[in-house]
Amino acid sequence: LGLFEVGPAAVKPPRGSVGLYHLAWQIDTIEQLADMAKSLAERRVFSAAVAAYVYGLAPVAVRQTVQRFPENQVVSIGKLVDPAVRTIVFPNVDTTYTVGRLNLAVGPLVIDVPDTGGRYYVIQLLDAYSNTFAYVGRRTTGSQAGSYALVPPRYAGPLPAGVKRIESPTNLVWLLGRTLVRSEADLPAATQVMSGYRVTALASWAAGGRQDPLVLPAFPPSPPLPIPTGRAFYDALAVALAESPPPPGENEGVDEPVAEVAVALGEDDDGLGREDDRPGQQVEHEPLPGRPGEEAQRAGHEDARISSISR
């Protein structure tokens with residue numbers, strides 16, 4: 001803190017110097033200096049809000065989408081997509097769909113898949129930020145039966161013999177499955193394959209338990225899921241980040257803008273909204289499959305190409 005002159009007669013700063021002190025010679029009054037400081041602060045907060053929004057769009061959209069599914073249960077649809085279905089983004093016309101919202105905060109889960117007899121299928125696993133981190137399916141693991149332990153970040157516990165380990169970057173996992181259907185007459189056989197997709201808590205699985213599959217005969221109606229705007233978006237982002245912190249290496253670029261937006265909104269650094277004022281906890285959800293976002297669109301295009309090749 002120091003005293004300095006303002007006005008046209010003020011001494012100019014050295015070449016290359018920046019900052020409010022060095023801007024003082026360009027203004028006439030202390031009031032103008034205060035206005036300039038406020039303007040610069042608003043621009044900084046705006047830039048931080050933009051950075052937080054760009055990074056936070058994926059986790060907010062993923063969390064909002066998977067809230068429609070039952071937790072730690074896979075849901076399969078025993079019907080091909082037709083033009084009336086709006087649940088799937090860029091759907092395949094020759095695969096059925098399986099979805100799941102998996103929460104590893106309660107511990108590891110075991111994914112069981114049946115022997116598909118050579119039939120193409122894929123179980124895609126995405127983290128809370130819509131990044132695909134693993135595939136189980138004919139191209140990657142084969143078409144034989146298998147069991148895969150999906151474990152939370154940095155899990156160090158033991159696993160049963162014969163169970164393959166897959167570590168997720170986040171506790172929230174979005175499961176997306178596709179199973180090849182060669183024709184309408186082939187649909188019952190494909191549905192039978194889907195009835196072998198199961199997700200079971202590790203402790204229960206080790207004790208011999210297996211969760212019953214859930215296969216629906218058709219797509220339920222899918223209400224639109226608008227992304228929150230304004231303050232509500234940053235409240236939803238706070239919930240998403242608290243539940244699924246950024247993977248290692250990413251938080252350094254996220255913490256600062258998120259904290260700056262939190263301060264600007266009058267909240268503490270550890271959250272952008274109050275627990276009872278978070279819109280994501282007030283929405284009614286139902287178990288519907290859905291695939292918003294570019295990652296899901298790319299997956300749809302890729303699977304359509306793979307399905308065509310596999311026939």
Side-chain angles (χ1 to χ4, degrees), residues 56 58-76 98-113 123-136 141 146-177 194-216 235-248 250-251 270-271 273 275-276 278-290:
V60 169
V62 168
R63 184 180 185 278
Q64 188 160 322
T65 297
V66 301
Q67 289 295 319
R68 301 180 298 175
F69 316 144
E71 185 173 275
N72 294 340
Q73 168 80 60
V74 291
V75 182
S76 298
T98 299
V99 296
R101 169 171 59 113
L102 309 183
N103 179 15
L104 301 179
V106 299
L109 301 170
V110 178
I111 301 174
D112 287 306
V113 296
I123 303 294
Q124 180 184 7
L125 300 173
L126 301 95
D127 66 15
Y129 297 83
S130 77
N131 301 310
T132 300
F133 63 90
Y135 289 97
V136 174
T141 58
S147 300
Y148 303 86
L150 188 59
V151 303
R154 299 172 297 281
Y155 178 77
L159 297 175
V163 176
K164 303 173 183 66
R165 174 190 173 103
I166 300 176
E167 181 172 336
S168 171
T170 59
N171 283 331
L172 176 63
V173 176
W174 185 8
L175 182 150
L176 290 173
M194 290 191 298
S195 68
Y197 301 151
R198 302 169 186 265
V199 172
T200 308
L202 176 61
S204 177
W205 191 95
R210 300 293 186 272
Q211 183 170 193
D212 292 333
L214 177 59
V215 181
L216 302 180
D235 287 344
L237 176 57
V239 177
L241 294 179
E243 292 180 350
S244 297
E250 291 189 13
N251 60 314
D270 61 351
E275 188 70 25
D276 61 350
R278 290 171 179 169
Q281 300 180 356
Q282 302 174 4
V283 179
E284 295 183 0
H285 303 289
E286 55 183 295
L288 304 174

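We use all heavy atoms of the structure for the numbers below, so side chains are in, but hydrogens, waters and symmetry mates are not.
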On a heavy-atom basis, which atom in Met194 and which in Thr98 lie closest, and how many Å separate them?
SD-OG1, 3.8 Å
Search all heavy atoms of Ser195 against all heavy atoms of Arg198 and return the closest pair with its distance.
O-NH2, 4.0 Å
Any donor and acceptor pair, going by atom type alone, linking the side chain of Thr200 with main-chain N or O of Gln211 inside 3.5 Å?
yes
Looking only at the side chains, is there a donor atom on one of Ser244 and Asn171 sitting less than 3.5 Å from an acceptor on the other?
no
Straight-line distance of Tyr148 OH to Ile111 CD1, nearest 0.5 Å
9.5 Å
Leu214 and Asp212, any side-chain heavy atoms less than 4.5 Å apart:
no
Specify the closest pair of heavy atoms between Tyr129 and Pro245, including all atoms of both residues, with the distance to one decimal.
OH-C, 3.3 Å
Quick one: closest heavy-atom pair of Ser147 and Asp112, and the distance?
OG-OD1, 2.5 Å
Do Leu202 and Leu159 have side-chain heavy atoms sitting under 4.5 Å apart?
yes
pair Ile166-Phe133: side-chain heavy atoms closer than 4.5 Å
yes
First locate atom CG of Leu126, then atom OG1 of Thr65, and finally report the distance between them rounded to the nearest 0.5 Å.
11.0 Å
Can you check whether Tyr155 reaches Arg165 side chain to side chain, under 4.5 Å on heavy atoms?
yes
Heavy-atom closest pair (Pro59 atom, Leu237 atom, distance to 0.1 Å) is CG-CD1, 4.4 Å
Nearest-0.5 Å distance that lies between atom CH2 in Trp174 and atom OG1 in Thr132:
9.5 Å
Check whether any side-chain heavy atom of Val110 lies under 4.5 Å from a side-chain heavy atom of Val199, and answer yes or no.
no
Taking the side chain as every heavy atom from C-beta outward, state whether Val173 and Asp127 have any pair of such atoms under 4.5 Å apart.
no
Locate the shortest heavy-atom distance separating Thr170 from Ala128; write the atom from each residue and the value.
OG1-N, 3.0 Å
Are any non-hydrogen side-chain atoms of Leu125 and Ser168 less than 4.5 angstrom apart?
no
Going by heavy atoms in the side chains, are Trp205 and Arg210 under 4.5 Å from each other?
yes
CG of Asn72 to CG of Leu109, rounded to nearest 0.5 Å, is 4.5 Å
